[in-house]
Participant: 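Dropping the structure in here first, questions after.
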Amino acid sequence: MKLNKFVTPSIMVPKVYEYTDYMKHFENHDIPVIHFDVMDGHYVPNIMLGTSIFNDLKEITEIPIDIHLMVMEPEKYISMFNVKKGDWISFHPETTDQPYRLLQMIKSMNCKAGLVISPGTPISYLEESIDQLDYVTLMTVNPGFAGQTLVPNALNKIQRVRELLDSYNPIIDLLVDGNTTIENSKKMAEAGANGFVVGSASKILKNPDTFEKYYEEFTSILF
Ligand code: DX5
Ligand code: ZN
């Protein structure tokens, strides 16, 4: 089964005042989903994007948004985001006592449901929830910051996750999040990733004026 490859830009990287410009580029280039990092200072040692920025963004674009929750007890916060049908919500399974229930809840909101696996998190978490999963995001850096380098087990883990997903349900998307340079992304694609969260590494979000150049370069080499 060949899944479509796609780019999903990480909106924690641009400046807030650049958002409107970027949205035009994202729309012109049929970006299917925007990546939105939420950090609570507990699960990860950083605090990032909250509900008000999310709700503002929903007012300036129709593109679905993938809320990547890097928070403890994500179930407490989901209702604060004004999600629409077709948005994506993902969380780290070890941050909640009831990951299965939470996936069901997300799907009942007409959103796509995903689990995110950190470098030290066993992929066996995916097995018991597989019938609820629309996608998996594999962290290829430790969650918390943009601009880090790939963890050593990243490529091998992509392969293992893809194999696991294929044995249950081959249409589950596999996204990679962290240090997606062109060079790394080529290897990640070969290992089985089809969705690429692009933060600072690919330079696609360096500046709204250079979006086109770096996006075209990335996709022409990769897709
Ligand atoms: C990090 C975030 C990423 C981040 C990736 O915890 O989840 O989405 O934006 O940024 P780069 O591409 O710089 O590694
Ligand atoms: Zn992320």
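Counting starts at 1 for both ligands and their atoms, in listed order.
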Participant: Looking only at side-chain N and O atoms, does N184 offer a donor or acceptor that is under 3.5 Å from a partner on T181?
Facilitator: yes

Participant: Compare all side-chain heavy atoms of H68 with those of F36 and state whether any distance is below 4.5 angstrom.
Facilitator: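 SC-SC contact between H68 and F36 ruled out.
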
Participant: Thinking salt bridges, do K107 and D134 make one under a 4.0 Å N-O criterion?
Facilitator: yes

Participant: Measure from the Zn ion (ligand 2) to every N/O/S atom of D37 and report the name of the nearest one.
Facilitator: OD1

Participant: For the Zn ion (ligand 2), give me the closest N/O/S atom belonging to D177, just the atom name.
Facilitator: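 It is OD2 of D177.
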
Participant: Do me a favour and list the nearest non-hydrogen protein atom to atom 3 (C) of ligand 1 with residue, atom name and distance?
Facilitator: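 Scanning the protein heavy atoms, the shortest distance from atom 3 (C) of ligand 1 goes to D177 OD1, 2.9 Å.
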
Participant: Would you mind telling me if ligand 1 is within reach of the side chain of A146, the backbone, both or neither, using heavy atoms under 4.0 Å?
Facilitator: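 Answer for A146: both.
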
Participant: When you group the ILVMFWY residues by side-chain heavy-atom contacts below 4.5 Å and let the links chain together, are M70 and V141 in the same group?
Facilitator: no

Participant: Mind checking the CG-CG spacing from N46 to D40? Nearest 0.5 Å is all I need.
Facilitator: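 It comes to 10.0 Å.
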
Participant: Suppose I only count heavy atoms of D37 and a 4.0 Å limit; which atoms of ligand 1 are within that range?
Facilitator: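 Listed by number with element, the hits are 2 (C), 3 (C), 7 (O), 8 (O), 9 (O).
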
Participant: Report the name of the N/O/S atom of H68 located nearest to the Zn ion (ligand 2).
Facilitator: ND1

Participant: Please determine which of V71, V38, L103, T137 meets the side chain to side chain contact (heavy atoms under 4.5 Å, CB included) test together with F91.
Facilitator: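 The single option meeting the side chain to side chain contact (heavy atoms under 4.5 Å, CB included) with F91 is L103.
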
Participant: I want to confirm something. Looking only at heavy atoms, which of S200, G199, G178 is nearest to atom 13 (O) of ligand 1?
Facilitator: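 It is S200 that holds the nearest heavy atom.
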
